[in-house]
Amino acid sequence: MSREKFRSIFVVTLPVVLATAFASGLLGVTLSRGGWSPPEILLQGTFTILFTWIAFWLWVALIGAYRLAATRKTRRALAELEASRPPLETLRTAIVVPIHNEDPDAVFARVRSMLESLAAVGASAAFEMFVLSDTTDPDIWLREELAWAEIRKLPGLSRIFYRRRLHKFRKKSGNIADFCKRWGARYEHMIVLDADSIMDGAVMVEMVRRMEAAPGLGILQAPSMLTLRDTLFARAEQFAAATYGPAVFAGIAYCFGSAGNYWGHNAIVRVKPFAEQCGLPGLPGRPPFGGPILSHDFVEAALMRRAGFEVRLAWDLTVGSYEQGPASLDIARERDVRWCRGNLQHLRLVFAPAFSAGSRAHFAIGALFYGISGLWAAYILFVAARYAMDGESGVTTGFEHYAPLVLSGCVAFVLLGGKVLAAVLAKLEAPLRAKSAKLVRSTALEILLSTLIAPIRMVSQLTCVIAAVSDTSMDWAAARRDEQQWTLRGAIRSQGLETAVGIVLAVTLFSIGPGLALWLSPVWLGLLAAIPVDALLSSRRLGRALRARGLFVTPAEAAPPEVIRRALELEREHALAPSTFAARFESFVTDAWLNTLHVGLLRAAGSRELSPTVVEPLVARILADGIEHLSKRESIVVLSDATVMERLHRLRCLERAESSAA
């Protein structure tokens with residue numbers, strides 16, 4: 001038996017199975033005293049599945065916590081050793097940043113900061129940066145080109161390239177595939193980032209070193225800590241990720257070993273086998289379970305494992321790898337809708353031939369992550385049904401003395417035991433060591449907020465599952481990364497269903513029995529408070545106030561890495577110089593250098609010239625009234641035609657010459 005198989009069976013699976021058998025057996029003895037009714041059978045089944053799920057993640061966190069504690073001194077010694085190694089000098093790695101209608105100021109501030117970070121560690125010669133745009137908004141398109149051109153002019157930062165795809169085939173996965181086809185042969189590895197990702201240069205260098213040291217390693221995924229958000233919801237998520245995440249990452253890496261997963265960003269990939277093995281054919285049948293594969297990263301990891309390459313999680317690189325999380329419950333729901341569609345589609349692949357057991361486990365866990373909300377809802381219904389059938393006395397003598405205690409004890413142990421242990425480990429790490437009292441208060445507040453949010457997320461994710469199963473369009477909407485101000489109308493739209501469910505649930509439970517309503521009060525109270533909770537969580541003012549008092553402060557905020565500090569500084573500088581789309585378009589028409597740059601990019605991308613009957617009326621309207629009188633689609637048509645942009649430049653130059661002569 002291999003070491004990894006022994007680990008997965010006896011170290012990971014067996015303790016979870018034994019714990020579940022004990023708890024489920026205790027509940028079964030309690031429920032079966034008066035014989036088995038249908039609600040009791042269903043209650044037993046759902047409890048077993050839920051307990052297995054909870055026990056698995058608790059055990060993963062405990063394994064990770066032990067691993068963190070046992071390797072603390074070793075990791076520090078290795079970090080000092082890596083810092084003293086000579087820089088990379090040979091060009092072997094591309095850094096790719098796929099974007100789609102993102103804020104160019106924020107994206108290119110992070111890009112420039114990362115390039116400067118690579119220069120600071122002496123590794124600029126070993127990397128080239130590619131910003132791969134699928135943008136469809138004409139104004140954002142021009143801002144991207146301007147931001148890229150500005151960085152290219154800076155000394156030492158010219159190894160950055162920009163490409164906007166003309167045909168948006170298969171969204172992000174197609175964007176990456178297009179890069180591999182056009183330029184992949186030039187590189188041994190590529191570091192894949194999201195538009196909101198940021199990585200320290202030293203971390204990128206370390207990831208390249210690990211790939212070079214292990215030729216059989218196909219994908220190395222780095223953990224990504226959440227940062228750069230101010231709302232209370234985001235700050236709580238950031239604190240939870242920074243405090244509990246390292247233990248979970250370490251546990252996941254131990255449990256899955258070389259059969260790890262790929263999250264689509266903040267990872268380094270071996271280009272040649274990725275390009276050869278990770279093409280994504282459509283699934284047979286119609287959406288939602290057929291058609292194009294939406295959540296591509298899990299499948300790409302499985303295909304790399306099928307080709308014989310390892311996929312691992314670099315669990316110790318939690319410092320220097322970051323991304324942004326959702327700013328509110330509403331944006332989190334939008335993200336869940338996207339992920340739910342992709343993860344449920346993976347159910348088709350759980351039993352597909354040739355995939356490893358680890359890959360199948362990732363597919364199943366991803367799908368169950370959203371199905372678990374439905375099981376929690378079913379569990380509540382089955383508890384209510386049994387209570388209604390047996391009456392107050394039956395529940396008092398058996399059920400209320402055992403099953404609720406088992407379940408409550410399990411949940412409390414997961415939420416409090418795992419989180420408290422992770423917080424203790426975080427306390428031992430600088431820079432939070434001297435702030436233990438605030439760390440304790442932050443942990444307690446995070447537990448309170450997560451308990452309050454749990455029933456809201458349960459209903460929200462349940463609606464995501466229903467929407468994913470019923471929606472056959474399979475549209476993969478762009479991520480929303482804004483921090484919009486909370487409004488009552490928006491909260492009612494966002495949390496109206498949760499509030500209505502809370503009202504119905506409370507009335508139903510009280511009609512069945514006050515004891516049941518009291519026991520399930522955290523569920524219906526959380527749902528009833530969904531709108532005011534949404535208001536609190538969406539508040540940037542409250543989030544900043546807690547930060548000022550030292551609460552929900554992450555290590556990246558207590559001792560900000562230079563790559564983040566510099567990105568924020570650059571983004572603020574760009575925000576001070578607003579302009580309009582009309583002014584930007586005019587600069588691309590009148591400025592010879594910008595016009596040549598834009599036309600050159602179009603022709604390098606293989607743009608096609610349209611018929612004069614299509615573009616001539618548009619040119620006439622631009623010359624007469626300006627670009628602002630064209631629709632977004634018409635503006636895209638003009639900006640996409642190299643000949644038209646050249647002609648507009650010549651006409652503008654002729655107009656200025658005639659005006660000067662007059």
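Both backbone and side-chain heavy atoms feed into the values below; hydrogens, waters and symmetry mates do not. Quick caveat, the model's predicted, so the values are computed rather than measured.
Inter-residue side-chain proximity for I268 and M190 is flagged as unmet; no heavy-atom pair is nearer than 4.5 Å. Residues R584 and R143 have side chains in contact (heavy-atom distance under 4.5 Å, counting atoms from C-beta outward). No side-chain heavy atom of S539 sits under 4.5 Å from any side-chain heavy atom of T231. Looking at heavy atoms from C-beta onward, D103 lies out of side-chain contact with F108 at the 4.5 angstrom threshold. Annotation: side chain of R152 is in contact with side chain of F161 (closest heavy-atom distance under 4.5 Å). No side-chain heavy atom of S321 sits less than 4.5 Å from a side-chain heavy atom of M225. The shortest side-chain heavy-atom distance between T93 and I191 falls under the 4.5 Å cut-off. In this structure the side chain of L602 never reaches within 4.5 angstrom of the side chain of L639, judged on heavy atoms.
Across every non-hydrogen atom of P326 and I331, the tightest pair is CB-CG2, 3.9 Å. A149 and L597 make their closest contact through CB-CD2, 3.8 Å (heavy atoms, listed as atom of the first residue, atom of the second, distance). Residues S607 and S640 share a closest heavy-atom pair of CB-O, 3.5 Å. Nearest heavy atom pair, residue V248 against residue V60, reads O-CG1, 3.8 Å. Between C180 and F274 the shortest heavy-atom distance is SG-CD2, 4.2 Å. For L329 against R457, the heavy-atom pair with the smallest separation is CD2-CD, 3.7 Å.
A salt bridge between D134 and R165 is present, with a side-chain N of the basic residue lying under 4.0 Å from a carboxylate O of the acidic one. Using a 4.0 Å cut-off between charged nitrogen and carboxylate oxygen, R333 and D330 count as a salt-bridge pair. In summary, R209 and E212 do not engage in a salt bridge, as defined by a charged side-chain N under 4.0 Å from a carboxylate O. With respect to the salt-bridge test (charged N to carboxylate O, under 4.0 angstrom), the residues R210 and E206 qualify. Salt-bridge annotation for E188 and K272: absent, with no side-chain N of the basic residue lying under 4.0 Å from a carboxylate O of the acidic one. Under a 4.0 Å N-O distance rule, the pair E446/R441 does not qualify as a salt bridge. The pair E562-R565 meets the salt-bridge criterion, with a side-chain N (NZ, NE, NH1 or NH2) lying under 4.0 Å from an Asp/Glu carboxylate O.
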Could you walk me through whether Y370 and D336 pass side chain to side chain donor-acceptor pair (under 3.5 Å), step by step?
CA-CA 9 Å; Y370 289 97; D336 281 338; 3.1 Å; yes
Are E144 and S133 close enough, and set up right, to give a side chain to side chain donor-acceptor pair (under 3.5 Å), and what steps lead you there?
CA-CA 9 Å; E144 290 172 357; S133 175; 2.8 Å; yes
Check against side chain to side chain contact (heavy atoms under 4.5 Å, CB included), I447 and T443
CA-CA 6 Å; I447 290 172; T443 302; 4.1 Å; yes
Given salt bridge (charged side-chain N to carboxylate O under 4.0 Å, His left out), test E116 with R112 step by step and report yes or no.
CA-CA 6 Å; E116 292 178 353; R112 178 175 167 182; 3.0 Å; yes
Evaluate the side chain to side chain contact (heavy atoms under 4.5 Å, CB included) criterion for residues Y187 and F127: first the C-alpha distance (whole Å), next the side-chain angles of each, then the deciding distance (0.1 Å), finally the verdict.
CA-CA 9 Å; Y187 307 98; F127 295 86; over 6 Å; no
Candidate pair L601 and W148, rule side chain to side chain contact (heavy atoms under 4.5 Å, CB included), full reasoning
CA-CA 12 Å; L601 288 171; W148 167 68; 3.8 Å; yes
For the pair I95 and V192, evaluate side chain to side chain contact (heavy atoms under 4.5 Å, CB included) and give the outcome as yes or no after the intermediate values.
CA-CA 6 Å; I95 305 168; V192 183; over 6 Å; no
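A distance of 6.0 Å separates CD1 of I219 from SG of C278, quoted to the nearest 0.5 Å. Distance CG/L193 to CD1/I198: 9.5 Å, rounded to 0.5 Å. In this structure, S295 OG and K172 NZ are separated by 9.5 Å, a value rounded to the nearest 0.5 Å. Atom CD of E586 sits about 12.0 Å away from atom CG of L594, to the nearest 0.5 Å. In this structure, CG on D230 lies 11.5 Å from CG on L542, to the nearest 0.5 angstrom. How far CD of E323 is from CZ of R110: 11.0 Å, rounded to the nearest 0.5 Å.
Looking at R67, its side chain does come within 3.5 Å of a backbone N or O of A250 through a donor-acceptor pair. At distances below 3.5 Å, not a single donor-acceptor pair connects side-chain atoms of T135 with backbone N or O atoms of D137. Proximity of a side-chain donor or acceptor of N343 to a complementary backbone N or O of G366 within less than 3.5 Å is detected. Under the 3.5 Å distance criterion, the side-chain polar atoms of E310 are left unmatched by any main-chain donor or acceptor of G218. Put simply, the side chain of N595 gets close to the backbone of F588: a donor and an acceptor are under 3.5 Å apart. D194 contributes no side-chain N or O that, together with a main-chain N or O of S197, makes up a donor-acceptor pair within less than 3.5 Å. Looking only at distances, no side-chain donor or acceptor of S460 sits under 3.5 Å from a matching main-chain atom of I456. Distance alone, capped at 3.5 Å, places no donor-acceptor pair between the R547 side chain and the F552 backbone. Checking side-chain atoms of H362 against main-chain N and O of A301 turns up no donor-acceptor pair under 3.5 Å. A distance-only check finds no donor-acceptor pair linking the side chain of Y244 to the backbone of A242 [under 3.5 Å].
When ring centroids are compared, W183 and F130 come within the 6.0 Å threshold.
In this structure, K168 places its NZ atom where more than 12 heavy-atom neighbours from other residues, nucleotides or ligands lie under 6.0 Å away. For CZ of R541, the number of neighbouring non-hydrogen atoms (other residues, nucleotides, ligands) closer than 6.0 Å is 12 at most. Atom CZ of R549 is surrounded by 12 or fewer heavy atoms from other residues, nucleotides or ligands within 6.0 Å.
Annotation: cation-pi geometry not satisfied between R341 and W339 (NZ/CZ under 6.0 angstrom from ring centroid, within 45° of ring axis). Note that K153 lies in the cation-pi zone of W593, set by a 6.0 Å cut-off to the ring centre and a 45° limit from the axis.
No hydrogens or angles considered: a donor-acceptor pair under 3.5 Å links the side chains of N101 and T136. Under 3.5 Å, the side chains of R163 and N175 contain a donor-acceptor pair of N or O atoms.
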